[in-house]
Structures are given as structure tokens and as C-alpha cells.
Participant: 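Dumping the structure here so I can ask a few things about it.
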Amino acid sequence: MPSRRLAHYGVPIAVLCAVVMVVVPLPTVLVSILLAGNITFAIVVLLTSMYVKRVLDFSVFPSLLLVSTMFRLALNVSVTRLVLLHGYAGSVIEAFGHFVVGGSLVVGLVVFAIIIVIQYVVITNGAGRVAEVSARFTLDAMPGKQMAIDADLNAGLINQEEARRRRGEIAQEADFYGAMDGASKFVKGDAVAAIFITIINLIGGLAIGMIQRHLSIGNAVNTYSILSIGDGLTSQIPALLTSISTGLIVTRAGTDSDMGTDLLTQLGAQRRAVRIAGGGVAALALVPGLPKVPFLLVGGAVIYLGTRLRSADAASAEPAASGAPPAPPPDSPEALARDMRVDPLELEVAFDLVELVDASRGGDLLERVRALRRKMALDLGVVIPLVRTRDNIDLPASSYAIRVLGAEVARGEAHPGQVLAIGEHLEGLPGMVTTEPVFGLSAKWAPLALRAQAEMAGATVVDPTSMITTHLAEVVRKHAGRLLTRSDTKALVDMVKRNDPTVVEELATAQVSLAELQRVLRDLLDEGVAIRDLGRIFEVLTEKVRTTRDPEALVEACRQALGPTIAASYALDRVLPVITLHPSIEQMLMESLKSNDTGTFLAVEPARAEQLVLTVAQRAQEAEQLGDSPVLLCAAPVRPALRRLVHTAAPRLPVLSYAELGSELRLETKGVVQLGHATV
């Protein structure tokens, strides 16, 4: 509570007091205390700017810069009033003046001028230029950063909350550098004001001393020059510290450590350069005419520092090396068994794509793949196996391959240092023409520097890692049924048993074997149906196996129970775009429906079956060109057979039955399939 009250009342009152100080005279004791507080505050700000890890950790700095500048100017006014009225402004001002002047007025003025030059010409100008450039580049980089966040969100690497947080950070960073670009002008103005205030104090003090106080020229110069220089120093030393803080903040790169830690870490990485530099400095002692002791002392200290950096690095590496288990010999049974094992899911990359996997080189492919497993578990209701990622020298350059159970099922290209621009009308964009591997869209591999140009052309721009992750996600969805093992099925049963043991007990009583359950779940996954609602699936199977054990009938019973959820997954704003069959077509299919040991099939003449499949694929393609993702609706009895028939020509077209539609959806017809002609 006290800290909250301080934030709500103390800070605003302090700002108001700074404004009041310009008008209301202050006693010399209070002025001395405020001067000491001003110096202390500047030191705190400087140290804080060195310890922050990100610029947003000190986002209040631009406003703080304005307040501190106003406070210093108010103190200047108060000190000037005391100097001109009483010829005395407190012990702090007098002590600073005597200490710097040291008995020579010229020396004091020269030192004060040098401090002004350092602050105004070097530090403040440099910090202002860096803030201006940082603000410009931050604004230019905002679209690319937003696209990267959207790509991570679509790939399942982050959720909506994390995406919202990152977008907020980007906006805050742009606002911060924009504010710093303007706030740096306060520091420049402060330096200029200090020059004029010092000149005014000198001229006004001499005039008052000689005219009103009847002092001699020597006494007036001695008295008011010391006070003027002391006033300038007490204000410009904190201003110099604040200027250094400004430079540190705007030049701070985004790392996970503070400035001191980064300095020692990066020097430790270049310890050879440190030792060579120490040896070079020590060798200067051999040059005739140069003093030997200073160079030998400095060179020896630098060499010792380089040795200590190496020792610290080696000490940190030894525990890691000792904690790692020794690798088995290549010809040992353990190593051979490991190499013989067929991994369920593998990602192989060419030699030049290894940097996408190597975290030490900035690659985050492994991290994204781990996040993909979590997203697939939430979307499909099953945990996919670990993805074994390795390099393959037999692959062509800039290519990768995805294997499922040892068989290659997909291959694509990814070019490091480039981005994939997906869209039409990219003729004016330099790059290599290609085809997006997931949906077969027209695309181009363009240099990373042309990312903004590609976005301005209306293209969707993704980096190589995002493209590989998206391709892997599509392969996992397509082959999720094959990846579901008997052990995975047992794990799912055990998971349901912990939360709903009654359902599992009834399933066991109905004598549903693990193999039957695995086949039903596989068939559902093969059709893109999530199996998250395992409790309902088990309940349906318990009831349905009393009348039949036909796998197709069991799958259809589960689909109808999950129907509203399935249909809702394809709808947008509760509107489901559909393609329907003409009643004559549906009647013909019902009459041609046959069954055998493997399930139902359509006994249709090959020519009519081909015409039906091509017409359905054409209707689906026309709807997709209009931006819709339709589903094919049919009667429940013919749904499994019709789905198998059209799957080859239209693999992305879901086939739903009328029994699977929820009452809350509104159907929007995108086409009607009829042999001979189609009405839309």
C-alpha cells in the first residue's frame, strides 16, 4: 500500500513541486539537499540503464528524461535567484566551485566548457541519432514482425494470448523509440540552457556585485565566477550522467543478460584477442624512449584477464562434459539397434539446412517442432510420436524430406537466407519460381532483403523454418491414423480410465478389443476427425457392438455422435458452405450400394463413376477459387463409399452426411452435382 500511494501521489506532487520551484524562492539548505538528490537520482538512472536486459524494461525513461530535465532547470532558476540576491547559494554550490576552479578562474571555465562539449557534441548528438535511426527501422520492421507472429500462431507455436503479448511488445517498442527520438531533444536543450544560464550568472553577478553591493571588480569576479561555475557543474554532472544513460538505453541490443554480463561473456568468447592485445601492449615497453613500467603493468593485467576468461569458460564446460554419458561405440549392439530402429516420424534436412536445426547458430526448427506436437495433440486428440530430425548428405542442396514409418511421404525445398512469397502476380519480384509444397500454390523464393517488397505486392511471406513446420503439420494430419500405434491406443484408454472409469469398464464388458478400438480411431483420424471426445466415442462403441462389429458401421456411428462437432469445424461464423448431389444422383448411388468383407462400395459403371468424380472435383475447385472451403453432403448410407470414390480426385474435400449436421448451422449451397451438367 505505501508504494502504491507513493506512485499515485508522491510522483505527481514531485513534478508539481519542480514547476513551483521556478516561481517560489527556496532556502539555501533545501536547495543543497535537492542538488544532492538530483545527483543521486542521475546515478540511479545510469545504473538502471546498465542493468536492464531489454529497453522495454525501462519504458518510462523518455518521460523520466523530461521530468529530470525540468527538475534540473528549476534548480538552476532557484540557484540563480540565490546567487543574484544573496551572493551565496549553499555549501554544495560553493564546494563544487572551489573544487573545480582550484584557484584559477580560467581553469574552471575551461573544465566547464569541456563538460558541455562532451555532453552536447559527443554523447547527446550520438544518442539522438541512434534514437532517430532506431525509431525509423523499428517502424519499418513492424510488418515483418507481425507476419512472423501470425506464422507462429498459424503453426501452433504460440497461442492467442502469446501472440497478443508479442504484438503489444512490438507496438510498445515502436512507441518507445519514437518517444526517445523526441526526448533526446530535451537533453540537447538542457546543455544549451546551461551555457546561457552560466553566462547570465556571470554577467548578472558582476553587475549586481559592483553596482548594488559595491564590490571591487576582483572580488565580484572571484565571488560570482565560483558560484556560477558551481551552479553549472551541479546541474551538468547529473545531465552528463543522464545523457550517458540515454546513449546506453538506445544502443542496448535485446539480450537475456545485463550489460556487464554480456561484456564479460563476449570478451570470454574472444579471449585469444584479449591475450594478443595484452602481449602487444607489453611489447611496447621494448620500444626505445617509451616508459617500461606502465606498459608492462597494463599488458600483464590484460594477459591475466585473458587467462582468467579462458579458465572460467573451461570450468563451466567441465561439469557439462562430465555429466554427459559416454556415447556407445559405433559397432556396439546398442548403437546398431538404435540405427536399425524405424522411427515413426522423421525429418531429414540437407547439409545446408543444418543451421535451421542448430540452436547455437540461431536455428529454432527443433523448438517449433516440439510446439507442433502440442498443437497436434490439442487439435487431433492424440500425441504424435517424437520427430527424429537429422541431416542427410544424399539429399540435394536446400531440400528436406519427411518420412512416416521409414517411407518418404513428402519432400520440399527451403533456402536459408531467403523467404517464400506465396501469391499471384509476383512477376516483378526477383527470385526463383516454385510451388508451395502444402497446397500447391504459386510462390517464389526471394532474398530476405526483399521481404517488405513481397508484402507490398500482396504476397504471404514465410521464412524457411515456418514453411517446413507447416508442411510437417499437414503430413501429420494426413497420416495421423498410421501414426496411432497400439501402445498409443492403450495410453488413451488409460487416460479416459483415470477421469471416467465407468465408460472404460463398460467398454471392457462389451468385449471391445484394443485392436478394434485402434482401427476405429485410425479410420476417424484418416478422415480428419479429432478424437478428443474419447468418452463419447467409447459410449457409442459400447452400444453399437451389441448389434454389429463391422468396422465401417462402428466408425459411422461414432461420426454421427460427433456430427455437430465435425460440421462446426468446417463452418465459419456458423455458416457451412456445401456441395450437394442432385436427387437423381443420390437415388442412383443408393441403388448401386453394395457391401463385401471390406465394407460398402458403389457398383457404378466406370464411365459414370469417372464423370461423377470429375464433376465433384470441379465444383469443389470452383468454390475454392471463390475463397470457400466447402463440404460434400450426401445421405448417410452412401457416405463411406462416396468418400472413398472422390478422395483420389479431391483429397481435401470433406464428405459429410445429413445425419452429421448440427441444428445451429446455416447451410450455404455452393454447387449441385448432376451428371451431364451441373447447376450452380
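Only a predicted model underlies this, so the values are computations on that prediction, with no experimental measurement involved.
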Participant: Decide yes or no for M467 and P437: does some side-chain heavy atom of the first lie under 4.5 Å from some side-chain heavy atom of the second?
Facilitator: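 Of all side-chain heavy-atom pairs linking P437 with M467, at least one is under 4.5 Å.
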Participant: Hey, are R639 and E527 close enough for a salt bridge, meaning a charged N less than 4.0 Å from a carboxylate O?
Facilitator: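 The answer is yes: the pair qualifies as a salt bridge.
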Participant: Are V382 and L525 close enough that some pair of their side-chain heavy atoms sits under 4.5 Å apart?
Facilitator: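 A side-chain contact exists here, since the closest heavy-atom pair is under 4.5 Å.
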Participant: Which pair of non-hydrogen atoms, one from F601 and one from A641, has the smallest distance, and what is that distance?
Facilitator: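 Smallest interatomic distance, heavy atoms only, reads CA-CB, 3.9 Å.
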Participant: If you draw a 6.0 Å radius around CG in L626, do more than 12 non-hydrogen atoms from other residues or ligands fall strictly inside?
Facilitator: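 More than 12 heavy atoms, drawn from other residues, nucleotides or ligands, come within 6.0 Å of this atom.
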Participant: Quick one: OG1 on T460 to CG on L420, what's the gap to the nearest 0.5 Å?
Facilitator: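 Interatomic distance, T460 OG1 to L420 CG, rounded to 0.5 Å: 9.5 Å.
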Participant: Looking at Q560 and A636, what are the two nearest heavy atoms and their distance?
Facilitator: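 Smallest interatomic distance, heavy atoms only, reads NE2-CB, 4.0 Å.
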Participant: Could you check if a side-chain atom of Q418 sits within less than 4.5 angstrom of a side-chain atom of L448, using non-hydrogen atoms only?
Facilitator: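 The answer is no; the side chains never approach within 4.5 Å.
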Participant: Kindly say whether T485 contributes a backbone atom to a donor-acceptor pair with the side chain of D488 at under 3.5 angstrom?
Facilitator: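 Checked: pair present.
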Participant: Okay, side chain of D352, backbone of S398: is any donor-acceptor separation there less than 3.5 Å?
Facilitator: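 Pair found, side chain donor or acceptor close to backbone of S398.
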Participant: Dump the intermediate steps for side chain to side chain contact (heavy atoms under 4.5 Å, CB included) on L514 and R486, then the final yes or no.
Facilitator: CA-CA 7 Å; L514 206 59; R486 195 71 56 85; 3.8 Å; yes
Participant: For Q511, look at atom CD and say whether over 12 heavy atoms of other residues, nucleotides or ligands are found less than 6.0 Å away.
Facilitator: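 It does not: Q511 CD has 12 such atoms or fewer within range.
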Participant: Under a 4.0 Å threshold between the charged nitrogen and the carboxylate oxygen, would R390 count as salt-bridged to E346?
Facilitator: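 So E346 pairs with R390 through a salt bridge.
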Participant: So does R411 pair up with E408, basic N to acidic O under 4.0 Å?
Facilitator: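 So R411 pairs with E408 through a salt bridge.
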Participant: Quick one: CG on L524 to CG on L562, what's the gap to the nearest 0.5 Å?
Facilitator: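 Answer rounded to 0.5 Å: 7.0 Å.
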Participant: Do you know the tightest heavy-atom contact between L521 and T489?
Facilitator: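 Closest heavy-atom pair between L521 and T489: CD1-CG2, 4.2 Å.
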Participant: Counting only heavy atoms from other residues, nucleotides and ligands, does the tally under 6.0 Å from CE of M495 exceed 12?
Facilitator: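 More than 12 within 6.0 Å, yes.
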Participant: Within this structure, what is the OG1-CG distance for the pair T469 and L347, rounded to the nearest 0.5 Å?
Facilitator: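 That separation rounds to 8.5 Å.
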Participant: Measure the spacing between CD of E505 and CG of D500 and express it to the nearest 0.5 Å.
Facilitator: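 If I round to the nearest 0.5 Å, the distance is 9.5 Å.
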Participant: For the pair D343 (side chain) and L345 (backbone), establish whether a donor and an acceptor sit closer than 3.5 Å, ignoring hydrogens and angles.
Facilitator: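 Checked: no pair found.
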Participant: Salt bridge or not for E162 and R165, using N-O below 4.0 Å?
Facilitator: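 Yes.
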Participant: Got a second to check how far L472's CG is from I384's CD1, nearest 0.5 Å?
Facilitator: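 One finds 6.5 Å between CG of L472 and CD1 of I384.
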Participant: Closest approach of C634 and V655, non-hydrogen atoms and distance?
Facilitator: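 Residues C634 and V655, closest heavy atoms: SG-CG1, 4.0 Å.
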Participant: Atom OG1 in T502, atom CZ in F538: separation rounded to 0.5 Å?
Facilitator: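 Rounded to the nearest 0.5 Å, the OG1-CZ separation comes out at 13.5 Å.
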Participant: CD of E605: more than 12 outside heavy atoms within 6.0 angstrom?
Facilitator: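 Not buried by this count: 12 neighbours or fewer within 6.0 Å.
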Participant: If you measure from the Lys or Arg side-chain nitrogens to the Asp or Glu carboxylate oxygens, is any gap between R451 and E455 under 4.0 Å?
Facilitator: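 Yes, charged N to carboxylate O under 4.0 Å.
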Participant: For the backbone of T465 and the side chain of D463, can you confirm whether one donor and one acceptor N or O come within less than 3.5 Å of each other?
Facilitator: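 Present.
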Participant: Is the shortest side-chain heavy-atom distance between T435 and S442 below 4.5 Å?
Facilitator: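 They are not in contact (no side-chain heavy atoms under 4.5 Å apart), so the answer is no.
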Participant: Going by heavy atoms in the side chains, are V604 and L612 under 4.5 Å from each other?
Facilitator: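 Not in contact.
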Participant: Under the salt bridge (Lys or Arg N to Asp or Glu O under 4.0 Å) criterion, do D364 and R370 qualify, and how do the steps go?
Facilitator: CA-CA 10 Å; D364 59 348; R370 285 193 292 268; over 6 Å; no
Participant: With salt bridge (Lys or Arg N to Asp or Glu O under 4.0 Å) as the criterion, how do R403 and E348 come out once you've worked through the C-alpha distance, each side chain's angles and the decisive distance to 0.1 Å?
Facilitator: CA-CA 8 Å; R403 294 178 177 271; E348 297 180 343; 3.2 Å; yes
Participant: Checking R652 against S629 for the side-chain hydrogen bond (donor to acceptor under 3.5 Å, both in side chains) test, could you report, in this order, the C-alpha distance in whole Å, the side-chain angles of both residues, the deciding distance, and whether it holds?
Facilitator: CA-CA 9 Å; R652 293 197 299 271; S629 299; over 6 Å; no
Participant: Do the charged groups of K490 and D494 touch, with an N to O distance under 4.0 Å?
Facilitator: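 Yes, charged N to carboxylate O under 4.0 Å.
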Participant: Please determine whether a side-chain nitrogen of the Lys or Arg among E610 and R608 lies less than 4.0 Å from a carboxylate oxygen of the Asp or Glu.
Facilitator: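 No, E610 and R608 are not salt-bridged.
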Participant: Please say whether more than 12 non-hydrogen atoms of neighbouring residues, nucleotides or ligands are located less than 6.0 Å from CZ in R519.
Facilitator: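 Atom CZ in R519 is not packed in, count stays at 12 or less.
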Participant: Are any of the side-chain heavy atoms of L602 and L593 separated by less than 4.5 Å?
Facilitator: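 Yes; the side chains approach each other to less than 4.5 Å.
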Participant: Short question: side chain of K444, backbone of L429 - any donor-acceptor pair under 3.5 Å?
Facilitator: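 Indeed, once roles are kept as given, a pair shorter than 3.5 Å links the two residues.
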Participant: Would N596 and T598 count as having a side-chain donor-acceptor pair, cut-off 3.5 Å?
Facilitator: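 There is such a pair (donor and acceptor under 3.5 Å, judged by atom type) between the side chains of N596 and T598.
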Participant: Looking at R532 and D379, does any basic side-chain N land under 4.0 Å from a carboxylate oxygen?
Facilitator: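 Looking at D379 together with R532, the answer is no, because their closest N to O distance does not fall below 4.0 Å.
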Participant: Within the 4.5 Å heavy-atom criterion, are V529 and R559 side-chain neighbours or not?
Facilitator: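 Yes, close enough: below the 4.5 Å cut-off.
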Participant: Of all heavy-atom pairs between A459 and L426, which one has the smallest distance, and what is that distance?
Facilitator: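 Residues A459 and L426, closest heavy atoms: CB-CD2, 3.8 Å.
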Participant: Could you tell me whether E622 and R619 have a side-chain N and a carboxylate O separated by less than 4.0 Å?
Facilitator: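 Answer for the salt bridge query: yes.
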Participant: Might you point out which heavy atoms bring P385 and R373 nearest each other, and give the distance in Å?
Facilitator: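 What the structure gives for the nearest pair is O-NE, 3.4 Å.
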Participant: Is any side-chain heavy atom of L492 less than 4.5 Å from a side-chain heavy atom of L484?
Facilitator: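 Side-chain contact under 4.5 Å: yes.
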Participant: Could you please spell out the steps behind the side chain to side chain contact (heavy atoms under 4.5 Å, CB included) verdict for I585 and L589?
Facilitator: CA-CA 6 Å; I585 299 291; L589 295 178; 4.2 Å; yes
Participant: Give a yes or no on whether the backbone of G671 and the side-chain of T669 come within a donor-acceptor separation of less than 3.5 Å.
Facilitator: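 Not confirmed, T669 side chain does not pair with G671 backbone.
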Participant: Are a donor atom and an acceptor atom from the side chains of E552 and T600 found within less than 3.5 Å of each other?
Facilitator: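 Looking only at side-chain atoms, T600 and E552 do form a donor-acceptor pair, the distance falling under 3.5 Å.
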